[in-house]
Amino acid sequence: MEHIRNFCIIAHIDHGKSTLADRLLQQTNTISERELQAQTLDDMDLERERGITIKSHAIQMDYEQDGKKYTLNLIDTPGHVDFSYEVSRSIAACEGALLIVDAAQGIQAQTISNLYLALEHDLEIIPVLNKIDLPSANPEEVKDQIVDLIGCDRDDILIASGKTGFGVDTILEAIVARVPHPVGDPNAPLQALIFDSVFDSYRGINAFFKVVNGEIKKGDKVKFVNTGRTYDADEIGTLRLKHQPKSVVKTGDVGYIISGIKVAKEVKVGDTITTVNNPCEKAIQGFEDVKPMVFAGIYPVDTDEYEELRDAMEKLQLNDASLTFEPESSAALGFGFRCGFLGMLHMEIIQERLEREFNMTVITTVPNVSYHAYLVREPETKILINNPSDLPEATILERVEEPFIKAQIITKSDFVGAVMNLCIDKRGELKNQVYLTPERVELTFEIPLAEIVFDFYDKLKTISKGYASFDYHPMGYRESKLVKMDLLLNGDQVDALSALIHKDKAFDLGKRICLKLRELLPRQQFDIAIQAAIGAKIIARETVKALRKDVTAKCYGGDISRKRKLLEKQKAGKKRMRQIGNVEVPQNAFMAVLKLD
Ligand code: GTP
């Protein structure tokens, strides 16, 4: 155990975590130059394209110092708020953390929130000032920020560049010297913490774990404590670039298990593995079921493809347990699924994967959060609303609650006014304001989740010219004056466009949504009336004027091929459109509510 170091890298998004991880692997000869593709750890195509580590991974390195051999387990963590639960599990498997701070950008919101997570788990923090090669680097000032934040010595801060490789040696030395080795009882019953899992289409689920106490042997009959299921440890081992099967993984080490599990849902991140014959008394603390935060309907563009869509969703769920879905039907869109996501990024990823990997063309409806509706009835009855059109009639509705979050925003003091205005416009309440330095302010707000999940982050970046970072944590449900706004196209209510909005904002929003829809709906051969209504009351109205021109009219003469081409072009343009009543509605119209500015 004394020769093991388990560490993770925590950082704000884009501060250079993956690049630095690659350097560590290179320096310890874990991968050769040839194997080193840019950002080796991001092995999904999508991840590489987006430059975001979506799923955590672990990798083992050999390292020698002063003639002693060490095993370093690096656990990579995702950087986006949508995946923060995974960050916390990865952190729980470590004894130390490299806290990477971009020397040009300084400390950002996720630097702080990830640092707090690491401190909660008593991790030894090694601060690293990264991207020191950048001409815009401001090492002295950022060092001040780090000292202020973690109260370390200035000399404890390492300086590095993932790009040039500068400082990588020192980082490895510091890991051995400063990160404590794991502690645990090798003779106790097995307790291993699952911090991640991936799906492999040939071998099923690989679960990654850290052995906290005891040891796990190949062939052991094991039990996952929280799910209560038992499996055979068909293969266990440690993680290099490839799997290294082993006969035993001992206390303090990090490894994988393959046990014939076919469905991601069976493996819960945060669960404890023990043996059936000599089970541990209780699970390792801290297990939490990940709950979806954002819901939206996903419908096939072509109604015949419903079954295909179900197949695709089932397959996606095999390797992404955080995706939830259940069938729903919409008067406007027919049969589809109400899906739950961790956040908007997760939703975009799923939509993209459906299209790329399964060749599906889908319509996604306006995303919403999950509400609690209380009915006027004794005894008090609470129902969970994941789809706005399920909200009961006002006459039987006692009250509605919505989820709130605590938001932390760090920005330059110049932008404090603009950030406050944005948050207040989003129904936020300022709770705290702290000057980290004379130029940098940390603001804490309580805001309804519904107001921030959608485009809040983009807006924040725009108004602060990129100098604001943001992080949030759920803080439970609170009562709000919410009403259901319906939209009607030529008199027909389109359920997929309904949204729950705050009463005081209803008139303004209704008007803006109608205007936006007028812009987004293609003109047709007849007028289209767009109306917003609350209950039976129409609160706004706009009209899309009829189209007069025939698109083929300008192809005078008998050039039939040209005419056909034009018609084909029109047909292709129909992708991602749905016919609702006699009106054609394009995908972006379903998102109109979100894009009002
Ligand atoms: P996420 O996985 O999305 O959280 O990002 P990350 O923190 O892993 O950052 P990543 O390693 O993907 O680097 C982000 C960007 O910064 C990339 O464009 C890198 O090429 C660049 N970068 C990383 N390290 C350095 C560095 O030391 N110097 C300079 N100049 N650029 C760097």
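Hydrogens, waters and symmetry mates play no part in the numbers below; they use all other heavy atoms, side chains included.
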ask   = Do E451 and F456 have side chains that get closer than 4.5 Å, going by heavy atoms?
value = no

For the student: nearest non-hydrogen atoms of A468 and L460, plus distance = CB-CG, 3.8 Å

query = Less than 4.5 Å apart, any side-chain heavy atom of Q351 and any of V362?
reply = yes

request  = With the side chain counted from C-beta on, respond yes when C514 and L487 share a heavy-atom pair under 4.5 Å apart, and no when they do not.
outcome  = yes

key: Side-chain heavy atoms of Q105 within contact of V142, under 4.5 Å   = no

key: side chain to side chain contact (heavy atoms under 4.5 Å, CB included) evaluation trace for I513 with M485   = CA-CA 10 Å; I513 290 170; M485 184 174 66; 3.2 Å; yes

remark   = Rounded to the nearest 0.5 angstrom, the OG-NZ distance for S322 and K268 is 11.0 Å

request  = Rounded to the nearest 0.5 Å, what's the gap from CD1 on I9 to CG on N114? Could you check?
outcome  = 12.0 Å

task = Start with the C-alpha gap between T543 and R541, add the side-chain angles, then the distance that decides, and say whether side chain to side chain contact (heavy atoms under 4.5 Å, CB included) holds.
result = CA-CA 7 Å; T543 308; R541 177 191 166 117; 3.4 Å; yes

ask   = Are side-chain heavy atoms of I350 and L316 found at a separation under 4.5 Å?
value = yes

key: Backbone N/O of G340 and side chain of T324: donor-acceptor pair under 3.5 Å   = yes

inquiry  = What I'd like to find out is whether the side chain of L482 reaches to under 4.5 Å of the side chain of L391, using heavy atoms alone.
reply    = no

message = With a 3.5 Å distance limit and no angle check, can you tell me whether N368 reaches the backbone of N386 through a side-chain donor-acceptor pair?
response = yes

request  = Can you measure from CG (L354) to CG (L309) and round to the nearest 0.5 angstrom?
outcome  = 6.0 Å

ask   = What heavy-atom pair brings L521 and P586 nearest, and what distance separates the two atoms?
value = CD2-CD, 3.9 Å

message = I'd like to check F341 versus P292 (side-chain heavy atoms, cut-off strictly below 4.5 Å). Are they in contact?
response = no

task = Please confirm whether the backbone N or O of A104 pairs with a side-chain atom of N138, one donor and one acceptor, at under 3.5 Å?
result = no

message = Rounded to the nearest 0.5 Å, what separates atom CE in M347 from atom CD1 in I298?
response = 7.0 Å

query = Within the side chain of N130, is there an N or O that forms a donor-acceptor pair under 3.5 Å with the backbone of H15?
reply = yes

key: F335 atom CZ, over 12 foreign heavy atoms within 6.0 Å   = no

query = In this structure, are over 12 heavy atoms from other groups packed under 6.0 Å from K511 atom NZ?
reply = no

message = As a quick check of understanding, evaluate side chain to side chain contact (heavy atoms under 4.5 Å, CB included) for E542 and L517, giving each step before the final call.
response = CA-CA 9 Å; E542 292 292 332; L517 282 173; over 6 Å; no

key: Donor-acceptor contact below 3.5 Å, side chain S197 vs main chain V269   = no

key: Distance in Å, I447 CD1 paired with I452 CD1, rounded so as to fall on 0.5 Å steps   = 6.5 Å

query = Between the side chain of S413 and the main-chain N/O of T411, is any donor-acceptor distance below 3.5 Å?
reply = no

ask   = Can you name the closest pair of heavy atoms from Y299 and G334 and give their distance?
value = CE2-O, 3.2 Å

ask   = Going through the checks in order, is the ring pair (Phe, Tyr, Trp, His ring centres under 6.0 Å) test met by Y306 and F337?
value = CA-CA 9 Å; Y306 173 74; F337 300 94; 5.0 Å; yes

task = Spell out, as yes or no, whether a donor-acceptor pair under 3.5 Å connects the side chain of D495 to the backbone of S330.
result = no

request  = Begin from the C-alpha positions of I112 and Q408 and carry the test side chain to side chain contact (heavy atoms under 4.5 Å, CB included) through to its verdict.
outcome  = CA-CA 9 Å; I112 299 191; Q408 260 145 344; 5.7 Å; no

message = With a sphere of 6.0 Å drawn around CG of N432, does it hold more than 12 non-hydrogen atoms of other residues, nucleotides or ligands?
response = yes

query = For the residue pair F404 and Y472, is the inter-centroid distance of their aromatic rings smaller than 6.0 Å?
reply = no

query = For the residue pair H372 and Y374, does the interplanar ring angle fall in the parallel (under 30°), tilted (30 to 60°) or perpendicular (over 60°) class?
reply = perpendicular

task = Mind listing the closest non-hydrogen atom pair of L397 and A373 along with its distance?
result = CD1-CB, 3.8 Å

Spatial distance of atom CD (Q493) from atom CG (D486) [nearest 0.5 Å] = 4.0 Å

query = Do you know which of K426, R427, R478 makes salt bridge (Lys or Arg N to Asp or Glu O under 4.0 Å) with E446?
reply = R478

ask   = Is a side-chain N or O of H473 found less than 3.5 angstrom from the main chain of K406, in a donor-acceptor match?
value = no

message = Can you confirm whether E393 is buried at CD, in the sense that more than 12 heavy atoms of other residues, nucleotides or ligands lie under 6.0 Å from that atom?
response = no

ask   = Nearest heavy-atom pair of E584 and Q524: which atoms, and what distance?
value = N-NE2, 3.0 Å

query = So which heavy atom on F590 is nearest to which on V366, and how close?
reply = O-CG2, 2.7 Å

ask   = Do D302 and T361 have side chains that get closer than 4.5 Å, going by heavy atoms?
value = no

task = Going by the side chain to side chain contact (heavy atoms under 4.5 Å, CB included) test, name the single residue among E402, E401, R399 that passes it with S480.
result = E402

inquiry  = Determine whether a donor-acceptor pair (N or O, by modelled atom type, separation under 3.5 Å) exists between the side chain of D527 and the backbone of A546.
reply    = yes

task = Flag the pair K431 and E429 as a salt bridge only when some basic side-chain nitrogen lies within less than 4.0 angstrom of an acidic carboxylate oxygen.
result = yes

